[in-house]
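So the structure is just underneath, and the comments pick up after that.
In the text below, chain A, chain B and the rest are named by the order of the sequence lines, each starting its count at 1.
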Protein chains: 2
Amino acid sequence: MKFEAVTIKHIAMELGLSTSTVSRALRDSHEISQATKKIVLDHAQKVGFKPNRIAQSLKERKSLSIGVIVCEIANSFFSQVINGIDSVAYEHGYNVIIAQSMESAERELMNLEYLTSSSIDGLIISVSTETKNFSYLKKLHERGLPIVFVDRVIDDIETHKVIADNYRGAYKATKHLVERGYKKIAILSNNSGLSISQERLEGYRDALKDANIPLRENMIAYCDHGGMIYSEIESAMKMLLKQRVKPDAVFAGSDKITTGCLRFMKQKNIRTPQDLALIGFSNTDLTELLNPPLSVIKQPAFEMGQASASLLLSLIESKKPQNKFETRIQSTELLIRKST
Amino acid sequence: MKFEAVTIKHIAMELGLSTSTVSRALRDSHEISQATKKIVLDHAQKVGFKPNRIAQSLKERKSLSIGVIVCEIANSFFSQVINGIDSVAYEHGYNVIIAQSMESAERELMNLEYLTSSSIDGLIISVSTETKNFSYLKKLHERGLPIVFVDRVIDDIETHKVIADNYRGAYKATKHLVERGYKKIAILSNNSGLSISQERLEGYRDALKDANIPLRENMIAYCDHGGMIYSEIESAMKMLLKQRVKPDAVFAGSDKITTGCLRFMKQKNIRTPQDLALIGFSNTDLTELLNPPLSVIKQPAFEMGQASASLLLSLIESKKPQNKFETRIQSTELLIRKST
DNA sequence: GTATTTACCGGGAACGATTGCGTAAATAAA
DNA sequence: TTTATTTACGCAATCGTTCCCGGTAAATAC
């Protein structure tokens, strides 16, 4: 079953004109008389003509659509980022094609192959926790595919990048814990390979150092799948809690980890913040309704999406190959509530 | 700046073959000798040939992509639905193009025009709260565009529909409130024009009737934008609470309204459930971590997405125009927690 | 009255992949 | 050896648009 669309050819036939004339009339070319233009436009309007974007894409060698790969849509941070991307793309007449890696390198690669088979003009990607091999991405980039990294970036590939100020965010969060009198501050980090993890860990380290609190390596735990599977949060927390010196506060490195951590504490009847304080990166707008209301570091997700989209569009629409790239660092917000 | 892809023509040239031979070899046609096939395949592999999907689409008159219009991605219910759609579409080699109406009829129409300019093979839509005029959608459907409605459906258009069992969900929720001893049960409904609102209201009505509790019209309030703007929840709640007979429980008709309601109660220092009980439709996985843990009716969002995608694909891939359509009603789950 | 410009429009070749048809060579059947 | 059949490939049209060449008439210039 298919959708029979009216084409330029039909209009040409019905009006006794050539396709070139119709095309030009529709594109308001100076080579066509006002009279003819009016006839064509009116008729096109009447029969509901819509140019076939596929044909245009083939001819113009661009698809007017951009691909977005994130780990998961059902994650407040990424859905807000997508929102931002969408708003900019839409304004410029671009489609957004979204793919989810689900934190799997394999799915990410498949998405990548899929999106790039000549059907996208550019790509915005936040790499999965699993991704270790960036050669395919690199090859695409070398072959000229415009790419913008958002949130989780790769140093190896030189292009525009948009990130939150993870270092300062983590620093502020840790400093806040210190100021509240916590001394044994653990960090529940995302996968250690991720840029965001490293930056956040660095902020945590420096904040402790500046407060003259010695860093204990066993206060650092990792969730290799970014908290995608609850059990990894569970075991990481168990590990932290069975140390000789138990932590009195936890700093969680991602949205999923933060809420997962709270879930764990609820299950184990660990009171927050009396037994264990909690702060973490999170973008859900429900954090203040939680029990207890969570102190969080919030990223400007929507704005990050907007920024990455406009950077990507500038890459796509620039005639010459670009060689000056920027990394936009957008500041985070520390929201202090009851959990610390 | 563009991405120079290798085409079938390049391969043909380099191998001294015709494009037809190359094409056929790649598609494993029986008309090509094994030897030639191997040569072509190896060379294609070497140069990283990927067929141009745009050209294929033009030729085959299908784009292998489906459009999805929802009000907002950053909404747990819809992001889960999209997840389900994505999983099925992906398996069948289809792209998913997502557009957000933001509950605006105007944006919805623009998205519709945009997606359907020959670039999607089918559409899954959950109409916006604002949409009153379905003529454009109807025209598209009549012209043969396969459409599946999910969640918010339109009776006028005969096609596959996937909904949650809103009636029974609302009935169960209301009955639960009754069983807990609440007598003055208010409902904070979504826009009255929406199918889901009507079904949920019906369930609420019947549950009250079956419990011999008289229905008070002033216990019914509407949020015309589905809670998209907080102030409408606020004023609806204020209206309910300034009645002579104040409600002792509220049943909220959507995810945004449910959490918005809780937010309102927090702000006004209304204790839950002591002062006012709360139950509502919601799909966020944070409800049990809220204060208090919320009793909710949860919809099988992921499964609804899967169902709508497979129904859509069956429409797209069926040769003949379909005339037998089904409405899949998927059951909801009542999760009882502390708020009631 | 001829030359040149302008205004308008049609023909046809792309874009990349697919496919019906035609045909040479190779093989089988007569 | 002749005819029929199969094998293996090329030619060219097609999908819907766009755009480079032209071409023809009228309008203007010389």
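Summarising the geometry, the separation between NZ on A:Lys59 and P on D:dG16 is reported as 15 Å, rounded to the nearest angstrom. Rounded to whole Å, atom C1' of C:dT18 lies 16 Å from atom CZ of B:Arg53.
Here the separation of C:dT27 from C:dT23, taken at their C1' atoms, is 16 Å to the nearest Å.
Other residues, nucleotides and ligands place no more than 12 heavy atoms under 6.0 Å from the CD atom of B:Glu158. Annotation: B:Glu14, atom CD; neighbour count of heavy atoms from other residues, nucleotides and ligands within 6.0 Å is above 12. Heavy atoms of other residues, nucleotides or ligands lying less than 6.0 angstrom from NZ of B:Lys46 number 12 at most.
B:Leu17 comes within contact range of the sugar-phosphate backbone alone, with a heavy-atom separation under 4.0 Å but no base atom that close. As judged by a 4.0 angstrom heavy-atom cut-off over every strand, A:Arg27 is placed among residues touching the sugar-phosphate backbone only. Backbone-only engagement by B:Thr7 is indicated by non-hydrogen atom pairs under 4.0 Å involving sugar-phosphate atoms exclusively.
Where the helix from C:dG1-D:dC30 to C:dA26-D:dT5 starts and where it ends, the local axes point in directions that differ by 70°; five pairs per end, rounded to 10°.
Separating the SG atom in A:Cys71 from the CD atom in A:Glu130 is a distance of 11.5 Å, to the nearest 0.5 Å.
For the segment residues 28-40 of chain B, the set of residues with a heavy atom within less than 4.0 Å of an atom of DNA chain C is empty.
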